[in-house]
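Let me begin by presenting the structure, written as structure tokens, before commenting on it.
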Amino acid sequence: IMSDDLFDVRNNFYVGNFAQCVEDAQYVSPKTESDKVEKDCLFYRAHIALGNTRLVLDEISDQASPSLRAVKEYARFMEDPASNGEAAVANVKTWLSDDATLPATPVMRILAALIHLQLQNPIEALKSVHLCSTMEMTALYAVVLLVMCRIDLAIQTWQRMIKQDEEATLTHMIGGYVALYQGKGSEAVGIFQELMERNASTLPLSNGLFVAQALQGNWDVAEGLAKEDASRTTSDPALLINLVVLQKQQKQRKVRTKVL
């Protein structure tokens with residue numbers, strides 16, 4: 001059972017509110033060692049998401065827990081994925097090896113999957129999290145299935161999440177992504193709007209809403225979302241894709257207008 005002490009830290013990380021996750025983590029004092037490690041992992045993973053890989057590499061000791069050392073290796077990979085990919089894959093194989101001294105923790109499995117996913121190897125990513133021993137692992141398993149266009153299996157995984165915790169943020173997020181892949185724009189709009197109302201207007205949630213509005217043909221609303229996101233950052237990959245999609249759509253609309 002997950003500790004309530006970490007609810008806000010965990011939830012802010014899941015929705016992409018990384019700055020708030022970092023802030024919350026500094027004011028939480030977990031009661032158990034496992035919760036302390038989880039808090040530190042979320043804290044440093046949020047820093048990686050914010051681009052602070054050097055801070056993570058400097059602060060995590062080589063004598064830290066296996067999960068934290070895996071976070072450090074993930075930071076090294078994210079600092080330069082193209083150059084560090086081969087070394088990262090070698091590390092991942094060591095983590096998940098049957099000969100490993102200690103069994104891989106959920107954090108190690110999640111980071112292994114994220115490395116494989118970034119290197120466009122979804123099969124290995126799927127193997128890394130197939131145990132689905134935590135909600136985050138299950139959610140990532142569903143995401144990888146969607147990347148592989150196995151919507152049928154992603155839906156089955158999402159249904160397992162519903163049985164485990166219907167109201168969990170991750171359950172709602174996967175429900176939104178499943179709706180997007182099914183082309184159910186209206187359903188996805190409702191899910192992502194509710195998530196943003198309950199949490200914050202983060203880039204991942206805004207991106208989900210953008211795609212949902214685009215599916216509905218609501219390009220003016222989608223454009224408003226993209227402009228708002230662009231005022232916060234110009235380096236998010238999903239945002240850059242959205243801006244390209246918008247540009248193409250605007251050109252098509254201009255062509256149609258001229259024809260009419």
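The first residue of the sequence shown is numbered 1, and numbering continues consecutively from there.
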(message) Is a donor from one side chain sitting under 3.5 angstrom from an acceptor on the other, for Ser61 and Gln63?
(response) yes
(message) Determine whether Ile110 and Leu114 satisfy the following criterion, side-chain contact (heavy atoms from CB on, under 4.5 Å), listing intermediate values before the conclusion.
(response) CA-CA 6 Å; Ile110 286 164; Leu114 291 173; 4.1 Å; yes
(request) Report whether Phe210 and Val244 are members of the same hydrophobic cluster (ILVMFWY, side-chain heavy atoms less than 4.5 Å apart, transitive linking). (result) no
(request) Apply side chain to side chain donor-acceptor pair (under 3.5 Å) to Asp165 and list each qualifying residue two or more places apart in sequence or on a separate chain. (result) none
(request) Answer yes if Leu215 and Leu225 sit in the same cluster of Ile, Leu, Val, Met, Phe, Trp and Tyr residues linked by side chain heavy atoms under 4.5 Å apart, and no otherwise. (result) yes
(request) Side-chain contact test, heavy atoms from C-beta onward, threshold under 4.5 Å: evaluate it for Glu33 versus Val37 and give yes or no. (result) yes
(message) Please report the interatomic distance CD(Gln164) to CG(Leu170), rounded to the nearest 0.5 Å.
(response) 10.0 Å
Using residues 178-188 as the side-chain source, report each donor-acceptor pair under 3.5 Å to any protein atom, sequence neighbours left out, with the distance given to one decimal.
none

(request) Could you check if a side-chain atom of Leu102 sits within less than 4.5 angstrom of a side-chain atom of Pro66, using non-hydrogen atoms only? (result) yes
(request) Side-chain contact test, heavy atoms from C-beta onward, threshold under 4.5 Å: evaluate it for Lys127 versus Ile123 and give yes or no. (result) yes
(message) Does either side chain, that of Asn17 or that of Asn199, offer a donor lying less than 3.5 Å from an acceptor on the other one?
(response) no
(message) For the backbone of Arg109 and the side chain of Ser128, can you confirm whether one donor and one acceptor N or O come within less than 3.5 Å of each other?
(response) no
(request) Supply the atom-to-atom distance Met196 CE to Ile191 CD1, rounded to the nearest 0.5 angstrom. (result) 14.0 Å
(message) How close do Ala104 and Trp95 get, counting heavy atoms only, and between which atoms?
(response) CB-O, 3.7 Å
(message) Does Cys132 form a side-chain contact (heavy atoms from CB on, under 4.5 Å) with Arg160? I'd like the steps, not just the answer.
(response) CA-CA 10 Å; Cys132 294; Arg160 288 208 306 271; 3.8 Å; yes
(message) Assess, by modelled atom type and distance only, whether the side chains of Ser67 and Ser65 contain a donor and an acceptor separated by less than 3.5 Å.
(response) no
(message) Tell me whether the rings of Tyr44 and His47 are parallel (<30°), tilted (30 to 60°) or perpendicular (>60°).
(response) tilted
Could you tabulate the donor-acceptor pairs under 3.5 Å formed by side-chain atoms of residues 140-155, not counting sequence neighbours?
residue : atom : partner : partner atom : Å
Arg150  : NE   : Asp152  : OD1          : 3.2
Arg150  : NH2  : Asp152  : OD2          : 2.8

(request) With the side chain counted from C-beta on, respond yes when Leu111 and Arg45 share a heavy-atom pair under 4.5 Å apart, and no when they do not. (result) yes
(message) Working to the nearest 0.5 angstrom, can you tell me the gap between Cys41 SG and Arg10 CZ?
(response) 12.0 Å
(request) May I ask you to decide if Glu228's main-chain N or O and Ser231's side chain share a donor-acceptor pair within less than 3.5 Å? (result) yes
(request) Determine yes or no for a side-chain-to-main-chain donor-acceptor pair under 3.5 angstrom, with Lys72 supplying the side chain and Ile60 the backbone. (result) yes
(request) Could you check if a side-chain atom of Gln26 sits within less than 4.5 angstrom of a side-chain atom of Lys39, using non-hydrogen atoms only? (result) no
(message) Once rounded to the nearest 0.5 Å, what's the spacing between atom CG of Asp62 and atom CG of Leu68?
(response) 11.5 Å
(message) I'd like to know if Met135 and Phe13 are part of one continuous hydrophobic network [Ile/Leu/Val/Met/Phe/Trp/Tyr, side-chain heavy atoms within less than 4.5 Å].
(response) yes
(request) Starting at NZ of Lys163, measure out to OG1 of Thr171 and round the result to the nearest 0.5 Å. (result) 13.0 Å
(message) For a quick test of reading the model, state the closest non-hydrogen atom pair linking Ala75 to Val56 and the distance between them.
(response) CB-CG1, 3.7 Å
(message) What I'd like to find out is whether the side chain of Met173 reaches to under 4.5 Å of the side chain of Leu205, using heavy atoms alone.
(response) yes
(message) Test of understanding: clusters of I, L, V, M, F, W, Y form through side-chain heavy atoms closer than 4.5 Å, transitively. Do Ile48 and Leu203 belong to the same one?
(response) no
(request) Quick one: which residue pairs count as a ring pair (Phe, Tyr, Trp, His ring centres under 6.0 Å) with a foot in residues 145-172, not counting sequence neighbours? (result) none
(request) Go through the structure and list residues passing ring pair (Phe, Tyr, Trp, His ring centres under 6.0 Å) with Tyr177, not counting sequence neighbours. (result) Phe192
(request) Might you confirm whether atom CD of Gln120 has over 12 heavy atoms from other residues, nucleotides or ligands at distances under 6.0 Å? (result) no
(message) Within the 4.5 Å heavy-atom criterion, are Val92 and His116 side-chain neighbours or not?
(response) yes
(message) Same cluster or not: Leu57 versus Phe43, using hydrophobic residues (I, L, V, M, F, W, Y) connected whenever any side-chain heavy atoms lie under 4.5 Å apart?
(response) no
(request) Evaluate the salt bridge (Lys or Arg N to Asp or Glu O under 4.0 Å) criterion for residues Lys31 and Asp35: first the C-alpha distance (whole Å), next the side-chain angles of each, then the deciding distance (0.1 Å), finally the verdict. (result) CA-CA 7 Å; Lys31 298 176 181 66; Asp35 282 351; over 6 Å; no
(message) If I take atom NZ from residue Lys227 and atom CG from residue Leu246, how far apart are they, to the nearest 0.5 angstrom?
(response) 9.0 Å
(request) Please determine, by modelled atom types, if Asn91 and Glu73 share a side-chain donor-acceptor pair under 3.5 angstrom. (result) yes
(request) Assess whether side-chain contact (heavy atoms from CB on, under 4.5 Å) is satisfied between Leu42 and Phe18, documenting all intermediate values. (result) CA-CA 9 Å; Leu42 289 166; Phe18 301 118; over 6 Å; no
(message) Going by ring pair (Phe, Tyr, Trp, His ring centres under 6.0 Å), name the residues that satisfy it together with Tyr74, two or more places apart in sequence or in a different chain.
(response) none
(message) Which heavy atom of Ala46 sits nearest to which heavy atom of Val22, and what is that distance?
(response) CB-CG2, 3.7 Å
(message) Test side-chain contact (heavy atoms from CB on, under 4.5 Å) on Leu6 and Glu38; report intermediate values, then the result.
(response) CA-CA 9 Å; Leu6 295 178; Glu38 184 187 356; 3.5 Å; yes
